[in-house]
There are 2 protein chains.
Amino acid sequence: MQNSFTEENYLKIIHALSGREGVEVSTNALAESTSTRAASVTDMLRKLADKGLIHYKKYQGVTLTESGEKVAIKVIRKHRLWEVFLVEKLGFGWDEVHDIAEELEHIPSEVLVEKLDTYLGHPKFDPHGDPIPDAKGNLTEPDYLILTDVHVGEKVLMMGVLDHAPSFLQHLDRSGITLGAVIEVKEINEYDKSASVQINGGPTLFISLEVSKNLLVQRR
Amino acid sequence: MQNSFTEENYLKIIHALSGREGVEVSTNALAESTSTRAASVTDMLRKLADKGLIHYKKYQGVTLTESGEKVAIKVIRKHRLWEVFLVEKLGFGWDEVHDIAEELEHIPSEVLVEKLDTYLGHPKFDPHGDPIPDAKGNLTEPDYLILTDVHVGEKVLMMGVLDHAPSFLQHLDRSGITLGAVIEVKEINEYDKSASVQINGGPTLFISLEVSKNLLVQRR
DNA sequence: ATATATTTTTAGGTTAGTCTAAATTTTTTA
DNA sequence: TAAAAAATTTAGACTAACCTAAAAATATAT
(Lines give C-alpha, C1' and ligand atoms only; values in the text may rest on other atoms or scores of the structure.)
Protein backbone atom coordinates (compact mmCIF):
# COMPACT_ATOMS: atom_id res chain seq x y z
CA MET A 1 0.00 0.00 0.00
CA GLN A 2 1.64 3.19 -1.32
CA ASN A 3 1.18 6.59 0.30
CA SER A 4 0.40 9.53 -1.93
CA PHE A 5 2.48 12.64 -2.37
CA THR A 6 -0.06 14.52 -0.27
CA GLU A 7 -0.16 11.94 2.51
CA GLU A 8 3.63 11.97 2.73
CA ASN A 9 3.57 15.74 3.05
CA TYR A 10 1.09 15.64 5.91
CA LEU A 11 3.19 13.08 7.76
CA LYS A 12 6.35 15.10 7.25
CA ILE A 13 4.68 18.24 8.52
CA ILE A 14 3.14 16.49 11.51
CA HIS A 15 6.60 15.21 12.34
CA ALA A 16 8.07 18.69 12.15
CA LEU A 17 5.31 20.35 14.16
CA SER A 18 5.07 17.72 16.87
CA GLY A 19 8.77 18.03 17.63
CA ARG A 20 11.03 15.71 19.59
CA GLU A 21 8.48 15.23 22.37
CA GLY A 22 5.78 14.08 19.97
CA VAL A 23 3.30 16.70 21.12
CA GLU A 24 -0.19 16.85 19.59
CA VAL A 25 -0.50 18.89 16.41
CA SER A 26 -3.65 20.95 15.85
CA THR A 27 -5.83 20.96 12.78
CA ASN A 28 -5.31 24.68 12.33
CA ALA A 29 -1.55 24.38 12.51
CA LEU A 30 -1.70 21.78 9.75
CA ALA A 31 -4.01 23.93 7.66
CA GLU A 32 -1.49 26.75 7.97
CA SER A 33 1.50 24.55 7.07
CA THR A 34 -0.17 22.80 4.17
CA SER A 35 -1.77 25.98 2.83
CA THR A 36 -5.19 24.38 2.91
CA ARG A 37 -8.35 24.91 4.97
CA ALA A 38 -9.06 23.26 8.28
CA ALA A 39 -11.94 21.29 6.77
CA SER A 40 -9.58 19.74 4.22
CA VAL A 41 -7.16 18.84 6.98
CA THR A 42 -9.90 17.04 8.89
CA ASP A 43 -10.67 14.94 5.81
CA MET A 44 -7.04 13.97 5.44
CA LEU A 45 -6.63 13.22 9.13
CA ARG A 46 -9.49 10.77 9.02
CA LYS A 47 -7.82 9.10 6.08
CA LEU A 48 -4.39 8.93 7.70
CA ALA A 49 -5.96 7.57 10.88
CA ASP A 50 -7.78 4.88 8.87
CA LYS A 51 -4.42 3.86 7.41
CA GLY A 52 -2.93 3.64 10.90
CA LEU A 53 -0.42 6.40 10.27
CA ILE A 54 -1.58 8.82 12.98
CA HIS A 55 -3.30 8.78 16.35
CA TYR A 56 -6.39 10.89 15.95
CA LYS A 57 -9.27 11.64 18.27
CA LYS A 58 -11.68 14.33 17.17
CA TYR A 59 -10.85 17.78 18.53
CA GLN A 60 -7.74 16.41 20.27
CA GLY A 61 -5.02 16.98 17.70
CA VAL A 62 -2.81 14.29 16.17
CA THR A 63 0.49 12.52 16.67
CA LEU A 64 2.26 10.05 14.43
CA THR A 65 1.99 6.32 15.03
CA GLU A 66 5.16 4.30 14.79
CA SER A 67 4.39 3.44 11.19
CA GLY A 68 3.57 7.08 10.40
CA GLU A 69 6.84 8.13 11.98
CA LYS A 70 8.67 5.64 9.79
CA VAL A 71 7.15 7.09 6.64
CA ALA A 72 7.87 10.65 7.75
CA ILE A 73 11.50 9.88 8.47
CA LYS A 74 11.95 8.20 5.11
CA VAL A 75 10.66 11.33 3.41
CA ILE A 76 12.95 13.51 5.50
CA ARG A 77 15.90 11.27 4.66
CA LYS A 78 15.17 11.61 0.96
CA HIS A 79 14.65 15.36 1.19
CA ARG A 80 17.96 15.94 2.94
CA LEU A 81 19.97 13.58 0.75
CA TRP A 82 18.65 15.25 -2.38
CA GLU A 83 19.57 18.64 -0.91
CA VAL A 84 23.13 17.43 -0.43
CA PHE A 85 23.16 16.24 -4.03
CA LEU A 86 21.85 19.54 -5.35
CA VAL A 87 24.42 21.59 -3.44
CA GLU A 88 27.47 19.31 -3.50
CA LYS A 89 27.14 17.86 -6.97
CA LEU A 90 25.07 20.27 -9.01
CA GLY A 91 26.36 23.48 -7.46
CA PHE A 92 23.11 24.98 -6.24
CA GLY A 93 23.21 27.48 -3.38
CA TRP A 94 21.75 26.41 -0.03
CA ASP A 95 19.04 29.02 -0.57
CA GLU A 96 17.89 27.41 -3.83
CA VAL A 97 17.35 23.77 -3.04
CA HIS A 98 14.32 23.55 -0.80
CA ASP A 99 11.57 23.60 -3.39
CA ILE A 100 13.32 21.16 -5.71
CA ALA A 101 14.02 18.73 -2.87
CA GLU A 102 10.36 19.06 -1.92
CA GLU A 103 9.57 17.35 -5.22
CA LEU A 104 12.41 14.84 -5.27
CA GLU A 105 11.60 13.60 -1.78
CA HIS A 106 8.51 11.84 -3.11
CA ILE A 107 10.26 9.75 -5.74
CA PRO A 108 9.51 6.21 -4.59
CA SER A 109 12.50 3.88 -4.83
CA GLU A 110 14.31 2.49 -1.82
CA VAL A 111 17.26 1.42 -3.89
CA LEU A 112 17.52 4.88 -5.42
CA VAL A 113 17.84 6.47 -1.99
CA GLU A 114 20.45 4.00 -0.86
CA LYS A 115 22.52 4.38 -4.02
CA LEU A 116 22.27 8.15 -3.73
CA ASP A 117 23.38 7.95 -0.10
CA THR A 118 26.38 5.83 -1.08
CA TYR A 119 27.23 8.13 -3.98
CA LEU A 120 27.20 11.14 -1.65
CA GLY A 121 29.44 9.34 0.87
CA HIS A 122 26.80 8.79 3.56
CA PRO A 123 26.55 12.42 4.63
CA LYS A 124 25.36 13.02 8.19
CA PHE A 125 24.02 16.54 7.66
CA ASP A 126 22.30 18.43 4.88
CA PRO A 127 23.42 21.84 3.58
CA HIS A 128 21.45 23.60 6.31
CA GLY A 129 23.00 21.53 9.08
CA ASP A 130 19.95 19.30 9.56
CA PRO A 131 20.79 15.71 10.44
CA ILE A 132 20.08 13.01 7.84
CA PRO A 133 18.28 9.93 9.18
CA ASP A 134 20.16 6.70 8.46
CA ALA A 135 18.82 3.88 6.29
CA LYS A 136 17.28 2.21 9.33
CA GLY A 137 15.28 5.32 10.17
CA ASN A 138 17.36 6.52 13.11
CA LEU A 139 17.26 10.28 13.36
CA THR A 140 19.32 11.83 16.13
CA GLU A 141 18.88 15.55 16.56
CA PRO A 142 22.15 17.02 17.84
CA ASP A 143 21.54 19.39 20.73
CA TYR A 144 22.74 22.64 19.38
CA LEU A 145 22.33 25.98 21.08
CA ILE A 146 20.59 28.93 19.60
CA LEU A 147 22.89 31.91 19.25
CA THR A 148 20.71 33.90 21.66
CA ASP A 149 21.86 31.51 24.42
CA VAL A 150 25.53 32.35 23.91
CA HIS A 151 27.17 34.89 26.24
CA VAL A 152 29.47 37.75 25.37
CA GLY A 153 33.01 36.55 24.95
CA GLU A 154 32.13 33.01 23.88
CA LYS A 155 33.34 31.52 20.61
CA VAL A 156 30.97 29.05 18.97
CA LEU A 157 30.72 27.11 15.73
CA MET A 158 27.91 27.81 13.31
CA MET A 159 26.14 24.46 12.85
CA GLY A 160 22.76 25.11 11.29
CA VAL A 161 19.75 27.31 10.70
CA LEU A 162 16.18 27.16 11.94
CA ASP A 163 14.72 29.32 9.19
CA HIS A 164 15.23 27.90 5.70
CA ALA A 165 13.79 30.87 3.82
CA PRO A 166 15.92 31.86 0.83
CA SER A 167 15.93 35.49 1.95
CA PHE A 168 17.38 34.54 5.34
CA LEU A 169 20.02 32.26 3.81
CA GLN A 170 21.01 34.93 1.31
CA HIS A 171 21.35 37.39 4.16
CA LEU A 172 23.75 34.98 5.87
CA ASP A 173 25.70 34.59 2.63
CA ARG A 174 26.12 38.35 2.38
CA SER A 175 27.30 38.41 6.00
CA GLY A 176 29.79 35.60 5.47
CA ILE A 177 28.04 33.37 8.00
CA THR A 178 28.38 29.85 6.62
CA LEU A 179 28.18 26.40 8.15
CA GLY A 180 31.32 25.79 10.20
CA ALA A 181 32.14 29.46 10.67
CA VAL A 182 33.52 30.50 14.06
CA ILE A 183 31.30 33.11 15.65
CA GLU A 184 32.60 35.15 18.59
CA VAL A 185 30.00 37.18 20.42
CA LYS A 186 31.64 40.53 21.14
CA GLU A 187 28.74 42.48 22.50
CA ILE A 188 25.01 42.16 23.12
CA ASN A 189 22.86 45.25 23.02
CA GLU A 190 20.66 45.22 26.11
CA TYR A 191 17.86 47.20 24.50
CA ASP A 192 17.01 45.09 21.42
CA LYS A 193 19.25 42.05 21.95
CA SER A 194 21.05 42.74 18.72
CA ALA A 195 24.66 41.58 18.84
CA SER A 196 27.99 42.30 17.32
CA VAL A 197 29.82 39.16 16.35
CA GLN A 198 33.16 38.42 14.80
CA ILE A 199 33.19 35.85 12.00
CA ASN A 200 36.21 33.55 11.63
CA GLY A 201 38.38 36.02 13.52
CA GLY A 202 37.80 38.46 10.66
CA PRO A 203 35.16 41.11 10.16
CA THR A 204 32.81 42.10 12.95
CA LEU A 205 29.19 42.67 12.13
CA PHE A 206 25.90 43.48 13.79
CA ILE A 207 23.11 40.95 13.72
CA SER A 208 19.56 41.44 14.85
CA LEU A 209 17.77 39.26 17.39
CA GLU A 210 15.73 37.90 14.48
CA VAL A 211 18.93 36.50 12.97
CA SER A 212 20.36 35.24 16.27
CA LYS A 213 17.16 33.33 16.97
CA ASN A 214 17.62 31.33 13.78
CA LEU A 215 21.27 30.36 14.13
CA LEU A 216 22.16 26.98 15.59
CA VAL A 217 25.63 26.86 17.14
CA GLN A 218 27.85 24.64 19.23
CA ARG A 219 30.47 25.37 21.90
CA ARG A 220 33.91 24.19 20.86
CA MET B 1 0.26 27.54 -17.06
CA GLN B 2 1.77 24.29 -15.78
CA ASN B 3 1.08 20.89 -17.32
CA SER B 4 0.26 18.01 -15.02
CA PHE B 5 2.20 14.80 -14.66
CA THR B 6 -0.54 13.04 -16.62
CA GLU B 7 -0.65 15.59 -19.40
CA GLU B 8 3.13 15.37 -19.81
CA ASN B 9 2.86 11.61 -20.10
CA TYR B 10 0.27 11.81 -22.82
CA LEU B 11 2.38 14.26 -24.79
CA LYS B 12 5.47 12.10 -24.43
CA ILE B 13 3.59 9.02 -25.58
CA ILE B 14 1.97 10.82 -28.52
CA HIS B 15 5.46 11.94 -29.54
CA ALA B 16 6.76 8.39 -29.37
CA LEU B 17 3.84 6.85 -31.23
CA SER B 18 3.58 9.46 -33.96
CA GLY B 19 7.21 8.98 -34.91
CA ARG B 20 9.47 11.16 -37.01
CA GLU B 21 6.80 11.74 -39.66
CA GLY B 22 4.30 13.05 -37.12
CA VAL B 23 1.65 10.54 -38.13
CA GLU B 24 -1.77 10.55 -36.42
CA VAL B 25 -1.99 8.55 -33.19
CA SER B 26 -5.20 6.64 -32.46
CA THR B 27 -7.22 6.75 -29.28
CA ASN B 28 -6.84 3.01 -28.82
CA ALA B 29 -3.07 3.13 -29.19
CA LEU B 30 -2.97 5.78 -26.46
CA ALA B 31 -5.27 3.75 -24.24
CA GLU B 32 -2.90 0.82 -24.63
CA SER B 33 0.23 2.88 -23.91
CA THR B 34 -1.21 4.74 -20.95
CA SER B 35 -2.88 1.64 -19.50
CA THR B 36 -6.24 3.39 -19.43
CA ARG B 37 -9.49 2.96 -21.32
CA ALA B 38 -10.31 4.62 -24.62
CA ALA B 39 -13.01 6.74 -22.96
CA SER B 40 -10.46 8.21 -20.56
CA VAL B 41 -8.15 8.98 -23.45
CA THR B 42 -10.90 10.87 -25.26
CA ASP B 43 -11.44 13.05 -22.19
CA MET B 44 -7.76 13.86 -21.98
CA LEU B 45 -7.47 14.56 -25.69
CA ARG B 46 -10.22 17.15 -25.47
CA LYS B 47 -8.32 18.76 -22.62
CA LEU B 48 -4.97 18.76 -24.41
CA ALA B 49 -6.64 20.15 -27.51
CA ASP B 50 -8.22 22.96 -25.46
CA LYS B 51 -4.76 23.84 -24.17
CA GLY B 52 -3.44 23.95 -27.73
CA LEU B 53 -1.02 21.07 -27.19
CA ILE B 54 -2.43 18.68 -29.82
CA HIS B 55 -4.30 18.78 -33.10
CA TYR B 56 -7.50 16.81 -32.52
CA LYS B 57 -10.51 16.17 -34.68
CA LYS B 58 -12.99 13.61 -33.40
CA TYR B 59 -12.39 10.11 -34.77
CA GLN B 60 -9.32 11.32 -36.68
CA GLY B 61 -6.46 10.65 -34.25
CA VAL B 62 -4.08 13.24 -32.90
CA THR B 63 -0.73 14.86 -33.56
CA LEU B 64 1.28 17.29 -31.45
CA THR B 65 1.14 21.00 -32.07
CA GLU B 66 4.42 22.87 -32.01
CA SER B 67 3.88 23.79 -28.39
CA GLY B 68 2.92 20.21 -27.51
CA GLU B 69 6.05 18.97 -29.24
CA LYS B 70 8.11 21.39 -27.17
CA VAL B 71 6.69 20.05 -23.94
CA ALA B 72 7.17 16.44 -25.06
CA ILE B 73 10.79 17.03 -25.98
CA LYS B 74 11.50 18.69 -22.65
CA VAL B 75 10.13 15.65 -20.86
CA ILE B 76 12.19 13.33 -23.06
CA ARG B 77 15.31 15.41 -22.38
CA LYS B 78 14.75 15.11 -18.65
CA HIS B 79 14.02 11.40 -18.83
CA ARG B 80 17.19 10.63 -20.75
CA LEU B 81 19.44 12.88 -18.68
CA TRP B 82 18.19 11.28 -15.48
CA GLU B 83 18.84 7.85 -17.00
CA VAL B 84 22.43 8.86 -17.67
CA PHE B 85 22.72 10.05 -14.09
CA LEU B 86 21.30 6.82 -12.69
CA VAL B 87 23.64 4.63 -14.73
CA GLU B 88 26.81 6.73 -14.83
CA LYS B 89 26.75 8.21 -11.35
CA LEU B 90 24.66 5.91 -9.20
CA GLY B 91 25.69 2.63 -10.80
CA PHE B 92 22.30 1.31 -11.85
CA GLY B 93 22.11 -1.19 -14.71
CA TRP B 94 20.52 -0.04 -17.97
CA ASP B 95 17.71 -2.48 -17.27
CA GLU B 96 16.83 -0.82 -13.95
CA VAL B 97 16.46 2.84 -14.73
CA HIS B 98 13.34 3.24 -16.80
CA ASP B 99 10.73 3.35 -14.06
CA ILE B 100 12.73 5.69 -11.85
CA ALA B 101 13.41 8.06 -14.74
CA GLU B 102 9.70 7.94 -15.49
CA GLU B 103 9.18 9.69 -12.14
CA LEU B 104 12.15 12.03 -12.26
CA GLU B 105 11.23 13.32 -15.71
CA HIS B 106 8.31 15.26 -14.23
CA ILE B 107 10.31 17.26 -11.69
CA PRO B 108 9.69 20.82 -12.82
CA SER B 109 12.81 22.97 -12.75
CA GLU B 110 14.53 24.27 -15.85
CA VAL B 111 17.65 25.17 -13.93
CA LEU B 112 17.80 21.69 -12.41
CA VAL B 113 17.85 20.09 -15.86
CA GLU B 114 20.52 22.42 -17.12
CA LYS B 115 22.74 21.92 -14.09
CA LEU B 116 22.26 18.17 -14.35
CA ASP B 117 23.19 18.30 -18.03
CA THR B 118 26.35 20.25 -17.23
CA TYR B 119 27.22 17.91 -14.39
CA LEU B 120 26.91 14.92 -16.69
CA GLY B 121 29.10 16.58 -19.32
CA HIS B 122 26.36 17.28 -21.87
CA PRO B 123 25.85 13.66 -22.92
CA LYS B 124 24.45 13.11 -26.42
CA PHE B 125 22.94 9.68 -25.79
CA ASP B 126 21.27 7.90 -22.92
CA PRO B 127 22.26 4.42 -21.67
CA HIS B 128 20.05 2.78 -24.29
CA GLY B 129 21.56 4.76 -27.14
CA ASP B 130 18.63 7.15 -27.46
CA PRO B 131 19.62 10.70 -28.41
CA ILE B 132 19.21 13.43 -25.78
CA PRO B 133 17.51 16.62 -27.02
CA ASP B 134 19.60 19.73 -26.42
CA ALA B 135 18.54 22.62 -24.19
CA LYS B 136 16.94 24.37 -27.16
CA GLY B 137 14.73 21.37 -27.88
CA ASN B 138 16.58 20.06 -30.93
CA LEU B 139 16.25 16.31 -31.16
CA THR B 140 18.09 14.65 -34.02
CA GLU B 141 17.40 10.96 -34.43
CA PRO B 142 20.50 9.30 -35.88
CA ASP B 143 19.58 6.96 -38.72
CA TYR B 144 20.65 3.65 -37.41
CA LEU B 145 19.93 0.32 -39.08
CA ILE B 146 18.10 -2.51 -37.49
CA LEU B 147 20.23 -5.63 -37.26
CA THR B 148 17.79 -7.47 -39.52
CA ASP B 149 18.90 -5.16 -42.35
CA VAL B 150 22.53 -6.24 -42.05
CA HIS B 151 23.88 -8.86 -44.47
CA VAL B 152 26.03 -11.85 -43.74
CA GLY B 153 29.68 -10.87 -43.51
CA GLU B 154 29.08 -7.30 -42.41
CA LYS B 155 30.56 -5.89 -39.22
CA VAL B 156 28.46 -3.26 -37.45
CA LEU B 157 28.52 -1.30 -34.21
CA MET B 158 25.83 -1.82 -31.61
CA MET B 159 24.29 1.63 -31.07
CA GLY B 160 20.96 1.18 -29.31
CA VAL B 161 17.87 -0.84 -28.57
CA LEU B 162 14.26 -0.47 -29.60
CA ASP B 163 12.84 -2.55 -26.77
CA HIS B 164 13.62 -1.14 -23.31
CA ALA B 165 12.12 -4.03 -21.35
CA PRO B 166 14.35 -5.14 -18.46
CA SER B 167 14.08 -8.77 -19.59
CA PHE B 168 15.40 -7.90 -23.05
CA LEU B 169 18.23 -5.79 -21.68
CA GLN B 170 19.20 -8.50 -19.22
CA HIS B 171 19.24 -10.98 -22.08
CA LEU B 172 21.67 -8.73 -23.93
CA ASP B 173 23.83 -8.45 -20.81
CA ARG B 174 24.03 -12.23 -20.57
CA SER B 175 24.99 -12.36 -24.24
CA GLY B 176 27.68 -9.72 -23.87
CA ILE B 177 25.93 -7.38 -26.30
CA THR B 178 26.56 -3.89 -24.98
CA LEU B 179 26.48 -0.43 -26.51
CA GLY B 180 29.53 -0.03 -28.72
CA ALA B 181 30.08 -3.75 -29.23
CA VAL B 182 31.19 -4.86 -32.68
CA ILE B 183 28.73 -7.33 -34.15
CA GLU B 184 29.74 -9.44 -37.15
CA VAL B 185 26.90 -11.32 -38.82
CA LYS B 186 28.29 -14.76 -39.62
CA GLU B 187 25.18 -16.54 -40.80
CA ILE B 188 21.45 -15.98 -41.19
CA ASN B 189 19.13 -18.93 -40.96
CA GLU B 190 16.78 -18.81 -43.93
CA TYR B 191 13.98 -20.60 -42.13
CA ASP B 192 13.41 -18.44 -39.01
CA LYS B 193 15.78 -15.53 -39.69
CA SER B 194 17.74 -16.32 -36.56
CA ALA B 195 21.39 -15.38 -36.90
CA SER B 196 24.76 -16.32 -35.58
CA VAL B 197 26.83 -13.29 -34.74
CA GLN B 198 30.30 -12.74 -33.40
CA ILE B 199 30.65 -10.17 -30.60
CA ASN B 200 33.83 -8.08 -30.41
CA GLY B 201 35.72 -10.68 -32.39
CA GLY B 202 35.16 -13.08 -29.52
CA PRO B 203 32.40 -15.56 -28.86
CA THR B 204 29.83 -16.41 -31.52
CA LEU B 205 26.24 -16.73 -30.47
CA PHE B 206 22.82 -17.35 -31.92
CA ILE B 207 20.21 -14.66 -31.71
CA SER B 208 16.56 -14.93 -32.64
CA LEU B 209 14.77 -12.64 -35.07
CA GLU B 210 13.00 -11.15 -32.06
CA VAL B 211 16.36 -9.97 -30.73
CA SER B 212 17.66 -8.80 -34.12
CA LYS B 213 14.56 -6.70 -34.64
CA ASN B 214 15.33 -4.73 -31.49
CA LEU B 215 19.00 -3.97 -32.05
CA LEU B 216 20.03 -0.65 -33.59
CA VAL B 217 23.38 -0.74 -35.33
CA GLN B 218 25.62 1.35 -37.54
CA ARG B 219 28.01 0.43 -40.34
CA ARG B 220 31.57 1.43 -39.54
C1' DA C 1 -20.84 29.68 35.60
C1' DT C 2 -22.50 31.47 31.77
C1' DA C 3 -21.69 33.92 27.53
C1' DT C 4 -18.55 34.66 23.88
C1' DA C 5 -14.90 33.46 20.95
C1' DT C 6 -12.18 30.06 18.78
C1' DT C 7 -11.33 25.68 16.89
C1' DT C 8 -12.81 21.72 14.68
C1' DT C 9 -15.96 18.89 12.33
C1' DT C 10 -19.83 17.91 9.21
C1' DA C 11 -22.50 18.57 5.04
C1' DG C 12 -22.56 19.30 0.51
C1' DG C 13 -19.93 20.71 -3.74
C1' DT C 14 -15.88 21.07 -7.29
C1' DT C 15 -12.07 19.37 -10.40
C1' DA C 16 -8.79 15.99 -12.46
C1' DG C 17 -8.44 11.70 -13.95
C1' DT C 18 -10.29 7.58 -14.13
C1' DC C 19 -14.15 3.98 -15.01
C1' DT C 20 -18.40 1.13 -17.45
C1' DA C 21 -22.10 0.95 -20.55
C1' DA C 22 -24.39 2.75 -24.36
C1' DA C 23 -24.44 5.44 -28.58
C1' DT C 24 -22.21 6.91 -32.66
C1' DT C 25 -18.90 7.01 -36.36
C1' DT C 26 -15.63 4.81 -39.28
C1' DT C 27 -13.77 0.76 -41.41
C1' DT C 28 -14.01 -3.75 -43.21
C1' DT C 29 -16.11 -7.47 -45.40
C1' DA C 30 -19.23 -10.10 -47.92
C1' DT D 1 -23.01 -1.01 -51.09
C1' DA D 2 -25.21 -2.74 -47.21
C1' DA D 3 -24.29 -5.30 -43.07
C1' DA D 4 -21.11 -6.43 -39.55
C1' DA D 5 -17.15 -5.30 -36.93
C1' DA D 6 -14.10 -2.18 -34.84
C1' DA D 7 -12.94 2.23 -33.06
C1' DT D 8 -14.32 6.25 -30.80
C1' DT D 9 -17.15 9.31 -28.26
C1' DT D 10 -20.83 10.47 -24.93
C1' DA D 11 -23.30 9.88 -20.65
C1' DG D 12 -23.16 9.11 -16.09
C1' DA D 13 -20.46 7.74 -12.02
C1' DC D 14 -16.38 7.17 -8.83
C1' DT D 15 -12.17 8.70 -5.82
C1' DA D 16 -8.69 11.93 -4.02
C1' DA D 17 -8.00 16.26 -2.55
C1' DC D 18 -9.62 20.32 -2.17
C1' DC D 19 -13.40 24.09 -1.14
C1' DT D 20 -17.40 27.12 1.57
C1' DA D 21 -20.92 27.48 4.88
C1' DA D 22 -23.03 25.83 8.88
C1' DA D 23 -23.03 23.09 13.10
C1' DA D 24 -20.82 21.34 17.11
C1' DA D 25 -17.25 21.11 20.50
C1' DT D 26 -13.78 23.27 23.24
C1' DA D 27 -11.51 27.21 25.30
C1' DT D 28 -11.63 31.91 27.19
C1' DA D 29 -13.42 35.78 29.57
C1' DT D 30 -16.45 38.28 32.29
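Quick note on labels: first sequence line is chain A, next is B, and so on, each numbered from 1.
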Engineer: Nearest whole Å is fine: how far is D:dA16 C1' from A:Gln2 CD?
Structural biologist: 15 Å
Engineer: A:Glu24 has an atom CD; how far is it from atom P of C:dT8, in whole Å?
Structural biologist: 12 Å
Engineer: Send over the distance from A:Glu7 CD to D:dC18 C1', rounded to a whole Å.
Structural biologist: 14 Å
Engineer: Just one of A:Glu105, A:Glu114, A:Glu83 clears the salt bridge (Lys or Arg N to Asp or Glu O under 4.0 Å) bar with A:Arg77, so which one?
Structural biologist: A:Glu114
Engineer: Applying side-chain hydrogen bond (donor to acceptor under 3.5 Å, both in side chains) as the test, list every pair that has at least one member in residues 161-173 of chain B; sequence neighbours left out.
Structural biologist: B:Trp94-B:Asp173, B:Asp95-B:Gln170, B:Asp130-B:His164
Engineer: Check the interface with nucleotides 9-15 of chain D: list each N/O to N/O pair with the protein under 3.5 Å, or write none.
Structural biologist:
unit_1: D:dT9; atom_1: OP1; unit_2: B:Tyr56; atom_2: OH; d: 2.5
unit_1: D:dT9; atom_1: OP1; unit_2: B:Tyr59; atom_2: N; d: 2.9
unit_1: D:dT9; atom_1: OP2; unit_2: B:Thr27; atom_2: OG1; d: 2.9
unit_1: D:dT9; atom_1: OP2; unit_2: B:Thr42; atom_2: OG1; d: 2.9
unit_1: D:dT9; atom_1: OP2; unit_2: B:Tyr56; atom_2: OH; d: 3.4
unit_1: D:dT9; atom_1: O4'; unit_2: B:Tyr59; atom_2: OH; d: 3.4
unit_1: D:dT10; atom_1: OP1; unit_2: B:Lys58; atom_2: NZ; d: 2.6

Engineer: Indicate whether OP1 or OP2 belonging to D:dC18 is found under 4.0 Å from a side-chain N or O atom of A:Arg37.
Structural biologist: no
Engineer: Distance check needed: C:dT9 P versus A:Leu30 CG, whole Å only.
Structural biologist: 10 Å
Engineer: Which atom pairs, one a donor and one an acceptor, fall under 3.5 Å between side chains of residues 13-28 of chain B and the rest of the protein, sequence neighbours left out?
Structural biologist:
unit_1: B:Ser18; atom_1: OG; unit_2: B:Ile14; atom_2: O; d: 3.3
unit_1: B:Ser26; atom_1: OG; unit_2: B:Ala29; atom_2: N; d: 3.1

Engineer: Of all residues at least two apart in sequence or in a different chain, which pass the side-chain contact (heavy atoms from CB on, under 4.5 Å) check with A:Phe5?
Structural biologist: A:Asn9, A:Glu103, A:His106
Engineer: Let me know the distance between CG of B:Asp50 and P of C:dA16, rounded to the nearest Å.
Structural biologist: 11 Å
Engineer: Within the structure, does a side-chain N or O atom of A:Asn28 lie under 4.0 Å from either OP1 or OP2 of C:dT8?
Structural biologist: yes
Engineer: Considering residues at least two apart in sequence or located in another chain, which fulfil the side-chain contact (heavy atoms from CB on, under 4.5 Å) criterion with A:Lys57?
Structural biologist: A:Gln60
Engineer: Go through the structure and list residues passing side-chain contact (heavy atoms from CB on, under 4.5 Å) with A:Ile146, not counting sequence neighbours.
Structural biologist: A:Thr148, A:Asp149, A:Leu162, A:Leu216
Engineer: Using whole Å, report how far CZ of B:Phe5 lies from P of D:dA16.
Structural biologist: 18 Å
